[in-house]
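In what follows, chains carry the letters A, B, and so on, assigned in the order in which the sequence lines appear, proteins first and then strands, with residues in each chain numbered from 1.
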Amino acid sequence: MDSKMVKTRFAPSPTGFLHVGGARTALFNWLFAKKHGGQFVLRIEDTDQVRSTAESAAGILADLQWLGLNWDCGPQPGAAKNEYFQSMRLELYNGYLEKLVKDGRAYEAYETPQQLAAMRMAAEKMKRPFRYRRNMPGRAAPGSGPTVLRFEMPFETITFHDLILGDISVGGDEHDDIIIRKSDGFPTYHFAVVVDDHDMGITHVLRAQEHLMNTPKHLGLYNALAWTPPAHAHMPLVFNMDNTKMSKRDKTKAARVAVAVWVKQGNSADKLSEITGIAAEQLKEFLDKKTDDSRIAAAIGTALGAPLPEIDVQDFRRSGYLSDALLNFIALIGWSPGENREILTREEMLELFSLETIGKTSGRFDRKKLLWMNGEYIRRRGIDELLHDLAAFNVVTQYPIKNAGEAQQRELLAMYQERTGTLAEMAENSRFFFEEPKMDPAAFRKHIESGNSRVVLQQIRDMLALVTNWSRDQLAPVIEKIIELGEKRGSAPQTLRVAVCGGSVSPPLLETLCLLGRDATLARIDAILQSPQSSVS
RNA sequence: GCCCUCAUCGUCUAGAGGCCUAGGACACGGGCUUUUCACGCCUGUAACUGGGGUUCGAAUCCCCAUGAGGGCACCA
């Protein structure tokens, strides 16, 4: 299409985990670049020295890799920071900063944060929005406070064409002179973004709608630097089902609620430190909402057995979603491939993707549909592919299936792919293959204690004990006979199931017994037969 | 408060003036299948925010109202 090669970028700030909203932004940028045979750049925006961490950057790279969103230029995983980290490009920014000052487009300002807050408050009292402008009265004198650099925005209306939303214009009195260099000498986001997008030759800026009002500021900068701005496209946002913005705070909120419920149940808050392994003061700060540390939230969640909502990409990975399913689902929020298509491979997405087919309305993140889609992916997939997905899942989780051999994992996958929504669900439900089952009391009462179930179970045991060659072929006819046993057709297999699995739900008995093996099967039945009448363990 | 954006089933969406008695998917209800749970198959309920225009004709174009969201940081 264009004579210039298309180049897009995803530019997260390394202040936390990669969030699903960010993943969608990355996906759309990736799709757009690939679709046009262009390049996809990954850039780390670490100009906030306080909040940026190396671990966060590493985590974001890992999540992007898990999602299969490979970048053409960007950080090298596992290597030292390179020029795709903004903190490594200070010289570049400083050069342009000087130029703007020389051109009279940028100037120093000396207000302290407190002074600025007071000015804002005063403006608010007069019911007028606060705009910092070079020509306004009451500016702080040189040397009276920290020095920042501000960019003098023009006073004219700025209009631009958004590739998704159409023409957007913002009046001249809406602008204010944004800070472009902080008092610590680092550029602000607004400045670094413009310099880098230009320097890296970005042709299309595809980002979330929350950036819409930043665009005039950036355009002002492009103009002052005499650069041609890239095309802009703002995508609709993703919300929770209750219409609140999806954010990491949802997790901390859920954790605090879980603690409140737990304390209400009569538990002492002091014990929390003990079971979570987190220092009491830290916990207190967290509960008083002084920090939003998601690691503390996660620890509370596991300690209290309270599931926290999945928000970050790695949450979904731990919950057993396949990266392809997550990607597919995320793509469909705000984008429609048309033709009533829904389940799409990456190749199909590439074929159908275009900015014109991205909608304008924000969408809600419907976990039920994601769960369905994930199940759909699991069912459609071959065992080899699933084995890969399971391996990636096992890296970040600790279920017993993690230690199973490949052959065993294959059998479990085959057994569960028709009946599980997530890998985590499978990992949880298949526990009884690896460890002694926890007996479900209700199932025990219903299928072991009632009527002549124990007598039937003894008959089953005797029948199974005769099977010496424990194989599918040998077992199949025995199971057929078991089905006919008992007072009610179908009650005997349930008795066997409960005895062996600890509950009334499992994959088909034939497969289950085969995988479990003769010894374990008979041992579990014996344990039940020997257990005292009406004892519910 | 000011500025910007958006508006079709509960949810994601199709729809670019007549093809719309508004299509698909999830969820939900009913049924079939069935050794449990699922899967699968059949089937049902369910929407153009309101009011004005424009037009022979509007979910589609315009205006207003309402609602929802975003932005107004030495955070990105």
Just to be sure I understand the rule, does [X] reach a base, reach only the sugar-phosphate, or reach nothing, if contact means heavy atoms closer than 4.0 Å?
| X | answer |
| --- | --- |
| F365(A) | nothing |
| L237(A) | sugar-phosphate |
| R131(A) | sugar-phosphate |
| P236(A) | nothing |
| E342(A) | base |
| H234(A) | nothing |
| P12(A) | nothing |
| T47(A) | sugar-phosphate |
| G503(A) | nothing |
| G338(A) | nothing |
| R120(A) | sugar-phosphate |
| E480(A) | nothing |
| S491(A) | nothing |
| S336(A) | sugar-phosphate |

Problem - Pair D292(A) + K248(A), salt bridge at N-O below 4.0 Å - result: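 No, D292(A) and K248(A) are not salt-bridged.
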Practice task
Could you give the distance separating G71(B) and U13(B) at their C1' atoms, to the nearest angstrom?
Solution key: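 Pairwise C1' distance, U13(B) against G71(B), rounds to 27 Å.
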Problem - Nucleotide nearest I168(A) when distance is taken to its side chain, options U5(B), C3(B), G24(B) - result: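 Within the option list, the nearest is U5(B).
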Handout entry: Proximal nucleotide (of U35(B), U13(B), C74(B)) relative to the T361(A) side chain
Key =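 Side chain of T361(A) sits closest to U13(B).
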Practice task
Between S13(A) and M241(A), name the one whose nearest nucleotide on RNA chain B is closer to the 5' end.
Solution key: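 It is M241(A), whose closest nucleotide lies nearer the 5' terminus.
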Problem - RNA chain B: 5'-proximal contact among L165(A) and Y110(A) (nearest heavy atom) - result: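 Whichever sits nearer the 5' end wins; that is L165(A).
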Does the side chain of [X] get closer than 4.0 angstrom to OP1 or OP2 of [N] through an N or O atom?
| X | N | result |
| --- | --- | --- |
| R379(A) | G40(B) | yes |
| R364(A) | C12(B) | yes |
| K217(A) | C72(B) | no |
| K360(A) | C6(B) | yes |
| T188(A) | C75(B) | no |
| K245(A) | G71(B) | yes |
| K182(A) | A76(B) | yes |

Exercise for the section: Taking atom CZ of R249(A) as the centre, report whether more than 12 heavy atoms of other residues, nucleotides or ligands fall under 6.0 Å from it. Expected result: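 Open.
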Handout entry: Donor-acceptor pair present, S183(A) side chain and C74(B) base, under 3.5 Å
Key =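 Checked by distance alone, the answer is yes.
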Handout entry: Whole-Å distance separating the CD atom of Q494(A) from the P atom of C37(B)
Key =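 The answer, rounded to whole Å, is 7 Å.
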Exercise for the section: Round to the nearest Å and state the distance from R139(A) atom CZ to C74(B) atom P. Expected result: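 It works out to 14 Å between those atoms.
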Exercise for the section: With side-chain hydrogen bond (donor to acceptor under 3.5 Å, both in side chains) as the test, would you mind laying out the steps for D389(A) and Y377(A) before giving the verdict? Expected result: CA-CA 11 Å; D389(A) 294 312; Y377(A) 265 83; over 6 Å; no
Problem - Inter-residue atom distance N328(A).CG - M349(A).CE, 0.5 Å rounding - result: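 That separation rounds to 4.0 Å.
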Handout entry: Heavy-atom closest pair, residues M246(A) and E310(A)
Key =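 Closest pair (atom of M246(A), atom of E310(A), distance): CE-O, 3.9 Å.
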Handout entry: Distance-only polar pair, side chains of E111(A) and Y132(A), donor-acceptor under 3.5 Å
Key =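 Result is yes, a qualifying pair exists.
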Practice task
Mind telling me whether F316(A) and F365(A) have parallel, tilted or perpendicular rings, with 30° and 60° as the class edges?
Solution key: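 The arrangement is tilted - the two ring planes meet at 30° to 60°.
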